[in-house]
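All heavy atoms count here, side chains included; hydrogens, waters and symmetry mates do not.
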Amino acid sequence: MQRGQRRANAGLLLLFAQLYQFGFNNIPPVTLVLLGLNIYLFLNPMKPLLYVCISVHEGYDHRDWERLLFSPFHHADDWHLYFNMVSLLWKGTKLERRLGSVSFAVIIATFSQLIGVVYVLIQLLLAESMDDPSYKMQCAVGFSGVLFALKVLNNHYHPGGSTSVFGLQVPNKYACWAELVAIHILSPG
């Protein structure tokens, strides 16, 4: 086994350990299906990342709208998957128990599509306002945008408190930013 292949499995193995420790029977059904879908698509991607990522150039200019559907459920590497799925495990479990499985599934479906649309609109706005067409070419994958939206919703339903991010207690209202910094330090790009 090559060195890169060993590293590629570390995040995935750690994710399985976290899920096992949490207990599969403690994970509500929609959250469990989302975890399974993301892991499955990481191991068996529908297409290479360059063909599922969302950008103005690919999604809007080329009218490849299926990227809105697929981009949230594909991840750049095992650490990207790990951090997103551990975050989903915590947020999804709390929110699904609070809102019920049907409402949570509708929220996930809505956020999954809206985040891609908002991302494309922001890219377009940046490209036009900065007079820099390179913004239109930046392609994104992953569940992070949905998780930020879930964090806002979670803070609404569970105000106050704090969260442990790598052993540091962070107020809930700042936890999504701490998670973002942690992801970019450990898995840049």
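Applying the ring-ring contact (aromatic ring centres under 6.0 Å, His included) rule to H74 yields no partners; only residues at least two apart in sequence or on another chain are considered. In this structure, K94 has no salt bridge (charged side-chain N to carboxylate O under 4.0 Å, His left out) partners at least two apart in sequence or on a different chain. Under the salt bridge (charged side-chain N to carboxylate O under 4.0 Å, His left out) criterion, D61 pairs with no residue, sequence neighbours left out. Take H158 and apply the ring-ring contact (aromatic ring centres under 6.0 Å, His included) test, not counting sequence neighbours, and it matches no residue. The ring-ring contact (aromatic ring centres under 6.0 Å, His included) search around F70 returns none, not counting sequence neighbours. The salt bridge (charged side-chain N to carboxylate O under 4.0 Å, His left out) search around K151 returns none, not counting sequence neighbours. Partners of S103 under the side chain to side chain contact (heavy atoms under 4.5 Å, CB included) rule, at least two apart in sequence or in another chain, are L99.
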Less than 3.5 Å apart, which donor and acceptor atoms pair up between the side chains of residues 107-118 and the rest of the protein, not counting sequence neighbours?
{"unit_1": "T110", "atom_1": "OG1", "unit_2": "V106", "atom_2": "O", "d": "2.8"}
{"unit_1": "S112", "atom_1": "OG", "unit_2": "I108", "atom_2": "O", "d": "2.7"}
{"unit_1": "Q113", "atom_1": "NE2", "unit_2": "L68", "atom_2": "O", "d": "3.4"}

For residues 22-41, dump all side-chain donor-acceptor pairs below 3.5 Å to protein atoms at least two apart in sequence or in another chain.
{"unit_1": "N26", "atom_1": "ND2", "unit_2": "F22", "atom_2": "O", "d": "2.8"}
{"unit_1": "T31", "atom_1": "OG1", "unit_2": "G92", "atom_2": "O", "d": "3.3"}
{"unit_1": "T31", "atom_1": "OG1", "unit_2": "E96", "atom_2": "OE1", "d": "2.7"}
{"unit_1": "N38", "atom_1": "ND2", "unit_2": "L34", "atom_2": "O", "d": "2.8"}

Which donor-acceptor pairs under 3.5 Å do the side chains of residues 48-55 make with protein atoms, sequence neighbours left out?
{"unit_1": "S55", "atom_1": "OG", "unit_2": "H57", "atom_2": "N", "d": "3.4"}
{"unit_1": "S55", "atom_1": "OG", "unit_2": "E58", "atom_2": "N", "d": "3.0"}

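A 4.5 Å side-chain heavy-atom check between F73 and M46 finds every atom pair outside the cut-off. You'll find the side chain of F104 reaches within 4.5 Å of the side chain of L150, heavy atoms only. L88 is not listed as a side-chain neighbour of V146, based on a closest heavy-atom distance of 4.5 Å or more. With a 4.5 Å cut-off on side-chain heavy atoms, L125 and I122 do not count as touching.
When hydrophobic clusters are built by joining Ile, Leu, Val, Met, Phe, Trp and Tyr residues whose side-chain heavy atoms come closer than 4.5 Å, directly or via intermediates, Y157 is grouped together with L89. Clustering ILVMFWY residues whenever any of their side-chain heavy atoms sit less than 4.5 angstrom apart, transitively, puts W79 in the very cluster that holds L43. Hydrophobic clustering of Ile, Leu, Val, Met, Phe, Trp and Tyr side chains at less than 4.5 Å, counting indirect connections, unites F16 with F83. The same ILVMFWY cluster, assembled from side-chain heavy atoms under 4.5 Å apart, contains both F143 and L153.
Listed by first and then second residue, the side-chain hydrogen bond (donor to acceptor under 3.5 Å, both in side chains) pairs that reach into residues 114-135 are Y119-Q123, E128-K136, D132-S134, sequence neighbours excluded. For residues 60-115, no residue pair satisfies the disulfide bond (SG atoms under 2.5 Å apart) rule, not counting sequence neighbours.
Of the options L15, L13, D77, a side chain to side chain contact (heavy atoms under 4.5 Å, CB included) to Y82 is made by L15 and by none of the others.
We find the CG-CG distance between L121 and L126 to be 11.0 Å, quoted to the nearest 0.5 Å. Note that the CG atom of N154 and the NE2 atom of H156 stand 11.0 Å from one another [nearest 0.5 Å].
When every heavy atom of N172 is checked against every heavy atom of G160, the shortest pair comes out as ND2-O, 2.7 Å. Between V56 and V120 the shortest heavy-atom distance is CG2-O, 3.3 Å.
There is a side-chain donor-acceptor pair under 3.5 Å between S144 and N84.
The number of heavy-atom neighbours closer than 6.0 Å to OH of Y60, taken from other residues, nucleotides and ligands shown, is 12 or below.
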Show your reasoning for whether side chain to side chain contact (heavy atoms under 4.5 Å, CB included) applies to H80 and M85. CA-CA 9 Å; H80 185 207; M85 294 305 98; over 6 Å; no

